[in-house]
J.: 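The structure under discussion is supplied below as C-alpha cells; questions concerning it will follow.
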Amino acid sequence: MSSLRGRDVLSAFDFDREDLFRLFELAERLRGEISGRRVLDYARGKVMITAFFEPSTRTKISFQFAMTRLGGEVVDFIEEVSSIRKGETEEDTMKILDGYDPDVIVVRHSKPFFPHSVKDVVRAPIISGGDGTNEHPTQALLDVYTIWRELGRVDGIVIGILGDLKYGRTPPSLSYILTRFNDVTIYYIAPKQLQIRDEVLRKIEGRVRYHLVGSVEEVIEKLDVLYVTRIQKERFEDPREYERLKGSYIITRSMLEKYRKIPVIMHPLPRVDEIATDVDTLPQAKYFEQARNGVFIRAALLKEVLGV
Ligand code: ASP
C-alpha cells in the first residue's frame, strides 16, 4: 500500500525521498499506459473537485487531465459564479463541497496556508494547488520529476533559481523538495529586493548547500539546471516597486551563447518576458515539456492519494 493514500498534500515536505522515487516510476508507467489507451480505469467512480480561488492554467487543467485519464470524474468549482459573490465564506464553501463526498479536493488560494486552515473541516484529502506566496508542492514535484527525466538524477545537481524568489511560491517548494536529495547546491539568483525569504532558508539549513547571488552571469558556468521565474506582479503591495524591478533579469539566446551550455532550462510558467522566445527552440529549453510532465506526475499522485 502506498504511503500517500488518503493523505493531505500541503507542503513539498510532505514527500519523502522514497515517495518521490516511487512517484517518478509510477508517472513513467502511467505515461506509457495513457499514451497507449488514452483513458485508464484506475479511478473509475472516483470524483475530484478542483476549487481554485485564484487564476490557474497548468495546475488546474493538468490535474483535470490527470484525473480524466485515470478514468475518474472532475467537478470544477468556479469562484466567479459561486455564492462567494453572495458573501459566503470560503470555509463554508469548502464544507459544502466536501459534503458532496468527493474523493479528493485540489485547492488553490491567494492566502498563504488557506488549505491548512480548512483541512480539519474537510473530510476528503486536500492537495494544495498553491497557497499565496507560501508553497506550490505539486509544482515542485513536477520540477524534480523533470530534472530526474532530463539528467537521470537529482542527487548532486547544481541549480540556479532565478527571479522573484521573495513573492514566488515555486522557489520555496522547489527548495524544500530538493532537501530530499543528496549533495544538492542551490544558487538563489535575484536582485536584493527579490531575494529568497529567511524563513525558507531556515527550513533548508544544513540539508542543501546554498548561496545568494545577484546575477546569473556569476554562476552560469556551474549550473546543471537554470530555473527561471517571473516577477509576481499581483503580489506587490506597491505597483511602483514592480515597475522598478520588472525587466531586471532577462534570459536571451545571445546571452546564453556567450557561456558554457546550461544542460536544462526550466520555468514553472507563465512567462512574461524573463525568457526571450528565441530561447524556446534551444534543445535545453524544457519548460513546455516540464508543463506536460505535470499531467503524468499528478496522475501518479492522484492514484496514490486515492489508493487505486
Ligand atoms: N504557475 C506558478 C504558480 O502558480 C508560477 C507563477 O505563477 O509564476 O505559482
Side-chain angles (χ1 to χ4, degrees), residues 9-14 50-66 76-77 79 106-116 126-147 159-178 188-191 193-197 199-200 225-236 241-242 245-251 265-277 279-280 285-295 297-298 301:
V9 175
L10 307 182
S11 166
F13 281 126
D14 288 337
T50 39
F52 280 52
F53 297 84
E54 202 190 36
S56 168
T57 302
R58 277 150 295 274
T59 305
K60 184 158 100 171
I61 302 296
S62 68
F63 262 114
Q64 293 181 339
F65 256 89
D76 190 25
F77 162 80
E79 198 227 330
V106 183
V107 185
R108 166 172 290 188
H109 204 288
S110 57
K111 271 189 229 145
F113 302 101
F114 176 77
H116 311 62
I126 294 185
I127 300 177
S128 169
D131 59 324
T133 53
N134 180 43
E135 274 210 61
H136 195 345
T138 66
Q139 176 70 47
L141 183 60
L142 79 89
D143 294 340
V144 285
Y145 173 51
T146 301
I147 295 170
I159 182 171
I161 307 181
L162 166 69
D164 184 351
L165 313 181
K166 177 174 176 194
Y167 296 110
R169 57 189 164 205
T170 63
S173 280
L174 179 55
S175 305
Y176 302 155
I177 215 163
L178 285 171
Y188 292 109
I189 311 163
Q193 301 91 321
L194 297 178
Q195 256 302 357
I196 194 84
R197 303 189 296 266
E199 120 220 356
V200 177
V225 178
L226 176 64
Y227 187 97
V228 185
T229 65
R230 76 182 166 99
I231 299 198
Q232 308 278 304
K233 182 178 184 185
E234 69 277 28
R235 310 214 191 274
F236 278 71
E241 174 83 346
Y242 169 74
L245 287 163
K246 77 169 189 212
S248 55
Y249 53 91
I250 295 181
I251 302 296
I265 300 174
M266 297 171 63
H267 192 309
L269 302 177
R271 141 178 72 187
V272 183
D273 59 2
E274 56 285 343
I275 299 187
T277 50
V279 175
D280 299 359
K286 294 294 177 194
Y287 25 95
F288 290 106
E289 216 162 306
Q290 180 186 354
R292 182 175 150 76
N293 288 340
V295 172
I297 198 78
R298 287 182 170 123
L301 177 62

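Both backbone and side-chain heavy atoms feed into the values below; hydrogens, waters and symmetry mates do not. Read the numbers this way: they start at 1 and go in the same order the structure lists the ligands and their atoms.
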J.: Which atoms of ligand 1 have any heavy atom of Pro270 under 4.0 Å away?
T.: 1 (N), 6 (C), 7 (O)
J.: Go through ligand 1 atom by atom and flag the ones less than 4.0 Å from a non-hydrogen atom of His136.
T.: 3 (C), 4 (O), 9 (O)
J.: Do the side-chain N and O atoms of Gln232 and Thr133 include a donor-acceptor pair separated by under 3.5 angstrom?
T.: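 Per modelled atom types, Gln232 and Thr133 side chains form no pair under 3.5 Å.
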J.: Identify the protein heavy atom lying closest to atom 2 (C) of ligand 1, giving its residue, its atom name and the separation to 0.1 Å.
T.: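 Nearest neighbour among protein heavy atoms for atom 2 (C) of ligand 1, to 0.1 Å: Leu269 O, 3.7 Å.
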J.: Would you mind finding which of Glu54, Arg230, Arg58, Arg169 brings a heavy atom closest to atom 8 (O) of ligand 1?
T.: Arg230
J.: Under 4.0 angstrom from ligand 1, any heavy atom of Gly129?
T.: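 No heavy atom of Gly129 comes that close to ligand 1.
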J.: Taking both backbone and side-chain atoms of Gln139, is any N or O found less than 3.5 Å from an N or O belonging to ligand 1?
T.: no
J.: Side chains of His136 and Arg108: is there a donor and an acceptor less than 3.5 Å apart?
T.: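 Per modelled atom types, His136 and Arg108 side chains form a pair under 3.5 Å.
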J.: Would you call the rings of Phe236 and Tyr242 parallel, tilted or perpendicular, taking 30° and 60° as the class edges?
T.: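 If you compare the ring of Phe236 with that of Tyr242, the planes turn out perpendicular.
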J.: Return yes if a side-chain donor-acceptor contact under 3.5 Å exists between Ser11 and Glu135, otherwise no.
T.: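 Present: a donor and an acceptor within the cut-off.
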J.: List ligand 1 atoms under 4.0 Å from Arg108, heavy atoms only on the residue side.
T.: 4 (O)
J.: Under 3.5 Å, is there a donor on one side chain and an acceptor on the other for Asp76 and Thr50?
T.: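 Yes, side-chain donor-acceptor contact under 3.5 Å.
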J.: Regarding Glu289 and Asn293, do their side chains bring together a donor and an acceptor under 3.5 Å, going by distance alone?
T.: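 No donor-acceptor contact under 3.5 Å links the two side chains.
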